[in-house]
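Got a structure here, written out as structure tokens. Questions coming.
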Amino acid sequence: MSSAEQLFFLLRGEYLWLFCLLSAVLGAVVGSFLGVVIERLPLMLNHQPGEPELSLALPRSHCSQCLHPLYWWENIPIASWLALRGRCSQCHSAIPARLLWIEVTTALLFCLMAILIPSPERLLAAWILVGFLLALSLIDWWHMLLPDALTQPLLWLGLLINAGSGAVKLSDAVYGAVAGYLCLWLLYWLFRGLTGKEGLGYGDFKLLAALGAWLGWQALPFLCLIAGLSGMFIGVWKIWRSGKQMPFPFGPCLSISGAILFIFYNSHIYL
Ligand SMILES: [Zn+2]
């Protein structure tokens, strides 16, 4: 056993509260980065010639109103937002609360997974998967978009992890990726043939392919079932709120389903 693994088992076994706290701090830092990805990636994809250059790193984090670059103490996940009471230190305009909620949600999810998953490699894989799924869900929710820049690396990572120490046989992961793509692709054309409408987007096929690569083809029926049920729940909630049927993104439903199944398959309940 390597010294990193020994430290993992010592911390998780003897000092679970400290392990949870460290996981939550890591989650908050990752959540802060996810906030940048969620804000900037759709703008980067819609970048028009002549507009100022934009990347995940540049320009530095700044206030969207007065444009002052944030000092280090204004950039501490969760703590800075609370200390500044959600307002810019210079012009006092509101800092979007969604940035705080992304950091808090990521911190809580990282902490929950640290409690549930007893293997260091699987826990690291779960943190990576949930980070990607959170970014994809929120971008899809706000922009109806599942960027290839996230779905494609997610698929390759799933295959790579299962080629190494993952829980799924590599051949099952490859069949999962192909079958995941094909089943939604078929559903898309069937629905389009029957109704003349587009019920799903190509991003959904790629996301289910990625989840198939992470979970293997055997998980696909459960994945589709949980995603379909959460889609029905969101659809009914939307009708209840607005009084009419409205299109909504399917990416968050697939993501919720994928995260639940990955955590379930890798948690000590199942091992
Ligand atoms: Zn400002």
Side-chain angles (χ1 to χ4, degrees), residues 11-12 16-45 54-117 123-143 145-147 149-151 153-154 157 207 230 249 251-256 258-260 262-263:
L11 270 177
R12 199 171 173 278
L16 187 60
W17 63 272
L18 179 62
F19 189 59
C20 288
L21 182 69
L22 292 174
S23 304
V25 170
L26 176 68
V29 173
V30 171
S32 178
F33 175 68
L34 292 181
V36 176
V37 173
I38 291 160
E39 294 278 308
R40 294 194 181 189
L41 191 54
L43 297 175
M44 285 160 61
L45 294 173
L54 181 68
S55 71
L56 293 182
L58 293 171
R60 273 183 54 201
S61 294
H62 55 273
C63 168
S64 59
Q65 297 300 313
C66 69
L67 305 180
H68 100 271
L70 301 188
Y71 303 112
W72 67 267
W73 53 269
E74 291 175 282
N75 235 342
I76 302 169
I78 302 176
S80 292
W81 198 98
L82 295 176
L84 293 164
R85 295 186 184 167
R87 303 224 158 250
C88 168
S89 66
Q90 306 294 309
C91 70
H92 305 291
S93 58
I95 307 168
R98 65 175 178 272
L99 296 177
L100 173 70
W101 289 119
I102 293 168
E103 290 167 0
V104 170
T105 306
T106 318
L108 290 175
L109 286 172
F110 271 43
C111 183
L112 177 73
M113 288 184 283
I115 295 170
L116 290 176
I117 300 178
L123 178 59
L124 184 62
W127 282 341
I128 293 171
L129 177 66
V130 166
F132 268 88
L133 293 179
L134 203 56
L136 281 162
S137 301
L138 293 175
I139 292 175
D140 201 22
W141 189 259
W142 284 317
H143 301 278
L145 175 75
L146 289 168
L150 294 177
T151 49
L154 186 63
L157 278 169
L207 178 54
S230 46
C253 308
L254 289 170
S255 299
I256 291 168
I260 289 174
F262 189 84
I263 293 169

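Here, residue 1 is the first one in the sequence, and each next residue gets the next number.
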Discussion item. So H68 and S89, do their side chains get closer than 4.5 Å, heavy atoms only?
Written reply: yes
Worksheet item: Are L136 and L254 close enough that some pair of their side-chain heavy atoms sits under 4.5 Å apart?
Response: no
Discussion item. Is there a side-chain contact between L154 and L129 in this structure, where contact means two heavy atoms from C-beta onward sitting under 4.5 Å apart?
Written reply: yes
Discussion item. Looking at S32 and A28, would you say the former's side chain and the latter's main chain have a donor-acceptor pair under 3.5 Å?
Written reply: no
Discussion item. Do F110 and V30 make a side-chain contact, defined as non-hydrogen atoms from C-beta onward lying under 4.5 Å apart?
Written reply: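 With C-beta onward as the side chain, the pair touches.
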Practice prompt. Using atom types as modelled and distance alone, determine if a side-chain donor or acceptor of R40 lies under 3.5 Å from a backbone N or O of G35.
Written response: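 Checked: no pair found.
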Worksheet item: Should F33 and L56 count as side-chain neighbours, where that means a heavy-atom distance under 4.5 Å?
Response: yes
Discussion item. Measuring only between side-chain heavy atoms, which start at C-beta, is C20 closer than 4.5 Å to I115?
Written reply: yes
Worksheet item: Side chain of W141, backbone of P249: donor and acceptor closer than 3.5 Å?
Response: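 Not at all, since once roles are kept as given, no pair shorter than 3.5 Å links the two residues.
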Worksheet item: What pair of heavy atoms forms the shortest contact from L34 to G131, and how long is it?
Response: CD2-O, 3.6 Å
Practice prompt. Could you list the residues that satisfy side chain to side chain contact (heavy atoms under 4.5 Å, CB included) with V104, not counting sequence neighbours?
Written response: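 Testing V104 for side chain to side chain contact (heavy atoms under 4.5 Å, CB included), a comparison that skips the adjacent residues, returns I78, L100, W101, L108.
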Discussion item. What I'd like to find out is whether the side chain of L146 reaches to under 4.5 Å of the side chain of L150, using heavy atoms alone.
Written reply: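 A side-chain contact under 4.5 Å is absent here.
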Discussion item. Applying side chain to side chain contact (heavy atoms under 4.5 Å, CB included) to R60 and L70, what does each step give before you reach the verdict?
Written reply: CA-CA 8 Å; R60 273 183 54 201; L70 301 188; 5.6 Å; no
Fill in: Minimum heavy-atom distance I102-G31, with the two atoms named
CG2-O, 3.5 Å
Practice prompt. Go through the steps to decide whether C63 and S93 satisfy the test side chain to side chain contact (heavy atoms under 4.5 Å, CB included), and finish with yes or no.
Written response: CA-CA 9 Å; C63 168; S93 58; 3.8 Å; yes
Item to complete: Quick one: do L11 and L22 satisfy side chain to side chain contact (heavy atoms under 4.5 Å, CB included)? Show the steps, please.
Response: CA-CA 10 Å; L11 270 177; L22 292 174; 4.3 Å; yes
Practice prompt. May I ask you to test the S137-I256 pair for a side-chain heavy-atom distance under 4.5 Å?
Written response: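 They are not in side-chain contact.
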Worksheet item: Should the pair Y71 and W73 be assigned to parallel (<30°), tilted (30 to 60°) or perpendicular (>60°) ring geometry?
Response: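 Plane angle under 30°, so parallel.
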